[in-house]
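So the structure is just underneath, and the comments pick up after that.
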Amino acid sequence: MRLFVLEDDDAIGIGLKYSLENEGYEVCLAKSVAEGEKIIDSDDFALYILDLTLPDGSGYDMCRKIKKKGDLPVIFLTAYDDEVNVVMGFDLGADDYISKPFRVKELMARIKSVLRRYNKDSPDGIVKLKELVINTNEAKVYKNKQEIVLTAMEYRLLLILLNNRGSVLSRNQLLENIWDIDGDFVEDNTLTVYIKRLRDKIEEDPANPVYIKTVRGMGYMIEND
């Protein structure tokens, strides 16, 4: 799933991009209104996170432009938390509003809440994929109504692929977004092991997978139904 972030503060922008990518999202980061306008004119995203004060304009300007494209989810980031700014943001169609400094876990919860409201297929955090049912609120996976017990890494890998359903993710992209429980980056050979273990648990025939497909020479993907 692809998110757009507009933030001119390098420390906040890079940190936010890193945190979101570790949650399995693909992130496009812009540092100015001019840069952001070029990006959103040529591309669409599942959710837009906008800083309010920028060197060449305002997050409000970007919000207006985004809402002209359609009913797309927007969250504002701002150092201001007075009522006037909050009301103005919601009047423009913003879905949520969080003041800096913010806690990353709180922002992640807000993002998931907004996405659930826009995702008509899974309003309760339920994602269905053939015989699989993934409850993202409880981090549980079921197949034919039987729970499949996944490790934290296996679930994280499945979630990354699900959030990018229909897109091929290269091994490098997966490696960049996955780290083990101790915080060490996962090696290429270890990724192969995790893919195999996950397939062994969710596939009827792991040698001929129907969920996690290998795209030769490119990477892995979960297809859209």
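Just so it is clear, the values below take in all heavy atoms, side chains as well, and ignore hydrogens, waters and symmetry mates. Note that the numbering runs from 1 along the sequence shown for the chain.
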Step by step, work out the salt bridge (charged side-chain N to carboxylate O under 4.0 Å, His left out) result for Asp95 and Lys67. CA-CA 11 Å; Asp95 297 274; Lys67 290 297 182 177; 3.7 Å; yes

Correct closest heavy-atom pair for Lys143 and Ile202 would be NZ-O, 2.7 Å

Scanning both residues in full, the closest heavy-atom pair of Ser32 with Leu6 reads O-CD1, 3.3 Å

**OP:** Answer yes or no: is there a side-chain heavy-atom contact under 4.5 Å between Leu72 and Phe45?
**Re:** no

(request) Taking the side chain as every heavy atom from C-beta outward, state whether Leu47 and Val114 have any pair of such atoms under 4.5 Å apart. (result) yes

Donor-acceptor contacts under 3.5 Å from residues 210-217 side chains, at least two apart:
unit_1	atom_1	unit_2	atom_2	d
Tyr211	OH	Glu131	N	3.2
Tyr211	OH	Glu131	OE1	3.1
Lys213	NZ	Glu223	OE1	3.4
Thr214	OG1	Arg199	NH2	2.7

| task | May I ask you to decide if the ring planes of Phe4 and Tyr48 are parallel, tilted or perpendicular, using 30° and 60° as cut-offs? | result | tilted

Sequence neighbours excluded, the answer for salt bridge (charged side-chain N to carboxylate O under 4.0 Å, His left out) partners of Asp61 is Arg64

Is Glu7 close to Leu16 at the side-chain level, that is, under 4.5 Å between some pair of heavy atoms? no

* Asked: With distance as the sole test, does Lys201 use its side chain to make a donor-acceptor pair with the main-chain N or O of Val149 at under 3.5 Å?
  -> yes

Exercise. Are Leu157 and Val193 grouped together when hydrophobic residues (ILVMFWY) are joined by side-chain heavy atoms under 4.5 angstrom apart?
Worked result: no

| request: Flag yes if Ile49 and Val104 sit in one hydrophobic cluster, no otherwise; membership is Ile, Leu, Val, Met, Phe, Trp, Tyr, and two members link when side-chain heavy atoms are under 4.5 Å apart. | output: yes

Closest non-hydrogen contact found for Pro73 with Ala46 is CG-O, 2.9 Å

**Request:** Kindly indicate whether the side chain of Leu161, heavy atoms from C-beta on, has any atom under 4.5 Å from the side chain of Leu174.
**Result:** yes

Query raised in the report: Hey, does Tyr194 have a side-chain heavy atom less than 4.5 Å from the side chain of Thr190?
Result: yes

Self-check item: Validation row: Leu50, Phe76 side chains within 4.5 angstrom (heavy atoms)
Solution: yes

Any side-chain heavy atom of Lys65 sitting closer than 4.5 Å to one from Asp41?
yes

For Asp44 and Arg2, the nearest pair of non-hydrogen atoms, with its separation, is O-NH1, 3.2 Å

I'd like to know if Ile14 and Ile12 are part of one continuous hydrophobic network [Ile/Leu/Val/Met/Phe/Trp/Tyr, side-chain heavy atoms within less than 4.5 Å].
no

What one should report as the nearest heavy-atom pair of Lys31 and Glu35 is N-OE1, 3.0 Å

Nearest heavy-atom contact between Ala34 and Asp56 is N-OD2, 3.0 Å

Open item on the list: When you compare the side chain of Tyr220 with that of Arg171, does any pair of heavy atoms fall below 4.5 Å?
Closed with: yes

Side-chain donor/acceptor of Arg110 to backbone N/O of Tyr97, under 3.5 Å
yes

